[in-house]
Amino acid sequence: MNSVFGKLTPYNTIIHRLDPRVKIISLIALMVMCFLPYGNYANRFIILGGLFLIILFIMLLGRVSFLSFLKSLRHIWFMMVFLVIIFALIPQAGDTSTKHVMIAFENGYTIYWEGVLQTLHISFRLGLMLSLTLILTSTTSPMDLTYAFEWFLSPLRLIKFPTQIISMTLSLALRFIPTLLSEANKIMKAQKSRGVDYQRGFLGKKIKSVTTLIVPLLVSCFSRSDELSLAMNARGYEPYEKRTSYNILIFGLKDVVAIFVVLILVGGFSTLCYFTNNVEGFDDMINMIFGVATF
Amino acid sequence: MSKAIEVKNLCFSYEKDVQKIKNISFSVEKGEYVTLIGHNGSGKSTLSKLLCYLLEADSGEIYLNGIKVCEENSAKIRKIIGIVFQNPDNQFIGSTVENDIAFGLENRRVPREEMKELVLKYAQKVGMEKYLKKAPDELSGGQKQRVAIAGILSLNNEIVIFDEATSMLDPEGVEDIKRLIRETKREHPDLTFISITHDIEEAYMSDRVIILNKGEIYKDGKPEEVFKDKDEIRKIGLDIPFVLKVKNALKTKTLQIPDEIKNIDELSDFLCK
């Protein structure tokens, strides 16, 4: 499962041990912090840089490898290219008198600093988001995520919504991902040995060759789910009955501390956001400290 | 002794006109170790599913410990009978070994503290206590099957069915599971144990063998009696145990081997004496 969002690392750090519910809430809170507008571009980069340092510290705590972060950045490069085209290269409409010219071509086509900075800014935000998600997924087992998910859904039980069925379905789906992947691999090898070519060919041909993979996989999927339901039934599973739970989420002192830290961060960054947008002269102050030009 | 299983005139068919189980009647005593053998498609697995109420019989009755197998009693039946299936992957429900062993206990609403003890106890019993936190894709087929057995044993059922539990394992895994069966049988003499198998050697070691052929009971009795007529057994596509073959061959050479000797190790020990 080596996807964009990494894989659970086998360590037992404090970040690994945190309650998954706390981790998810913190993730959302910090993501919001990435997306607050912090005044002009200079401020934005400085403040987001500070946030990045904090995230790096969390990554260090959770022993998330920086290399895997850089690797996951690979997956968003096409997005950055897209952003460059949108913001920098497409001629800006409307009032351009307040913008700063970066390069002006003779035929009247100009690239503005604002466009370039906007691209960098958004990419930076995306990178931060990616790093946060990476921390969550590489320190939390999918099962813990499922339990947290079930807990977040639990208010729905008041309206008789079967949350335990949803979480059972989810956990079974997660449980079978590796099994089905290895099965897909086997089928692919078997079909290759019978002369199916998955690499070459145009779209139509490729779709045709992929069906030779999908159809057997689906068939086995159905027979598996059939047997699985029998096995669950034989061990006395009744979806609508009450069950006790082997795994419980324990909300401990470290979780309280974590929430406290996140609250401080949220408070701090919200204040910064407020100051940069509403207090006159705050921008200039930062510029003075860091000695950067303002746009 | 009371009857653990009583089957009366059982009939079942998946499709119309194709009867899979044809009017079967038999009973099993409490604590008996029965092996059910037969050719592919003889109805062994169907019979096991009928016993666990995973399929509903067309006609006829099944009683487990005197309780009739039917819709109203399904919860009670689940507490009496447990089954281990063939495919180790498709009966691994939990995300880790401990979760899988706990699955049945969760369904029975066992409190968490008690559950923790039971999970550890039965994991130790099947020798999987070091793997409690492992996910199924990190385990071999034999290990997964041992987890499934722990899951069933932890429920403390009086009747346990192994539905070809060893047929997808490598030879080492098969030996492992067979050893586990013997140990469990020794520790729980009251456990009624039904093993559906292709392994004739295993059948020879059991208390009683039932041979199914085309949905009917072909032979039923002690292994020595059942395997006595080898031509009849061969006629329906089965073979007789290796140990028995050797015994029979030696008998013609006037060497008598005691009936207790049932596996190859014992036989070779005896012959080397």
Which residues from residues 118-139 of chain B are near chain A, with near meaning under 4.5 Å between non-hydrogen atoms?
B:Val119, B:Pro136, B:Asp137

For residues 132-156 of chain A, pull every pair meeting salt bridge (charged side-chain N to carboxylate O under 4.0 Å, His left out), keeping only residues two or more places apart or in separate chains.
A:Glu150-A:Arg157

Answer with side chain, backbone, both or neither: which region of A:Thr179 has an atom nearer than 4.5 Å to a non-hydrogen atom of chain B?
side chain

Would you sort out whether A:Leu228 and B:Gln91 count as a side-chain contact (heavy atoms from CB on, under 4.5 Å), showing the intermediate values?
CA-CA 5 Å; A:Leu228 185 72; B:Gln91 56 181 320; over 6 Å; no

Please classify the contact between B:Lys116 and chain A as side chain, backbone, both or neither, with a heavy-atom cut-off of under 4.5 Å.
both

Contact class of A:Leu172 relative to chain B, heavy atoms under 4.5 angstrom:
side chain

Determine which residues belonging to residues 92-107 of chain B lie within contact range of chain A, meaning some heavy atom pair is under 4.5 Å apart, and list them by number or answer 'none'.
B:Phe92, B:Ile93, B:Gly94, B:Ser95, B:Glu98, B:Asn99, B:Asp100, B:Ile101, B:Ala102, B:Phe103, B:Gly104, B:Leu105, B:Glu106, B:Asn107

Quick one: closest heavy-atom pair of A:Ala234 and B:Ile83, and the distance?
CB-CG2, 3.5 Å

Sort A:Met232 into side chain, backbone, both or neither according to what part of it lies under 4.5 angstrom from a heavy atom of chain B.
both

Pairs under 3.5 angstrom only: tabulate donor-acceptor contacts from the side chains of residues 161-168 of chain B to other protein residues two or more places apart or in another chain.
{"from": "B:Asp163", "atom 1": "OD1", "to": "B:Ser45", "atom 2": "OG", "distance (Å)": "3.0"}
{"from": "B:Asp163", "atom 1": "OD2", "to": "B:Ser45", "atom 2": "OG", "distance (Å)": "3.3"}
{"from": "B:Asp163", "atom 1": "OD2", "to": "B:Ser48", "atom 2": "OG", "distance (Å)": "3.2"}
{"from": "B:Ser167", "atom 1": "OG", "to": "B:Gln86", "atom 2": "NE2", "distance (Å)": "2.9"}
{"from": "B:Ser167", "atom 1": "OG", "to": "B:Glu164", "atom 2": "O", "distance (Å)": "3.2"}

Which heavy atom of B:Lys49 sits nearest a heavy atom of A:Leu230, and at what distance?
CE-CD1, 3.6 Å

Please walk me through it: do A:Asn247 and B:Arg112 pass side chain to side chain donor-acceptor pair (under 3.5 Å)?
CA-CA 8 Å; A:Asn247 292 78; B:Arg112 185 165 179 274; over 6 Å; no

